[in-house]
Amino acid sequence: MKSGIHPEYRPVVFRDKVGGLAFLTRSTATSSHTAEWEDGRSYPVIDVEISSASHPFYTGNARVMDTAGRVERFQRRYGLASKN
């Protein structure tokens, strides 16, 4: 690797505020905010909007979409007759 052209690769905390999940990993992401981790050190923190702790698919709160109703509504709106 060429020196001086790559971003710094360091430990960073990713935190999902809604789900309450936080994990420490290595990344090149930067942040002006810091958080104290379990080991007592401060690391840059990146707040994410959704993770496996808050995503409906992983939490079991997923909603079922009514796709048949959407197709019928589209056909009514644009005057397309269903072909049987």
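For the numbers below, each heavy atom of this structure counts, side chains included, while hydrogens, waters and symmetry mates do not. Throughout, numbering of the chain's residues begins at 1 and tracks the sequence. Note that the coordinates shown come from a computational prediction; the quantities given were computed from them, not determined experimentally.
Placement of Val48 and Leu21 within a single hydrophobic cluster is found when ILVMFWY residues are connected by side-chain heavy-atom separations under 4.5 Å, directly or transitively.
The nearest pair of heavy atoms linking Trp37 to Ala22 is CH2-O, 3.6 Å.
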Could you tabulate the donor-acceptor pairs under 3.5 Å formed by side-chain atoms of residues 39-47, not counting sequence neighbours?
residue: Asp39; atom: OD1; partner: Arg41; partner atom: N; Å: 3.0
residue: Asp39; atom: OD2; partner: Tyr43; partner atom: OH; Å: 2.8
residue: Asp47; atom: OD1; partner: Arg15; partner atom: NE; Å: 2.7
residue: Asp47; atom: OD1; partner: Arg15; partner atom: NH2; Å: 3.0
residue: Asp47; atom: OD2; partner: Arg15; partner atom: NH2; Å: 3.3

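Proximity of Phe14 to Thr25: side-chain heavy atoms (C-beta onward) are separated by under 4.5 Å at one or more points.
Checking side-chain atoms of Arg26 against main-chain N and O of Tyr9 turns up a donor-acceptor pair under 3.5 Å.
Applying the salt bridge (Lys or Arg N to Asp or Glu O under 4.0 Å) test to residues at least two apart or on different chains, the pairs with a partner in residues 3-14 are Glu8-Arg10.
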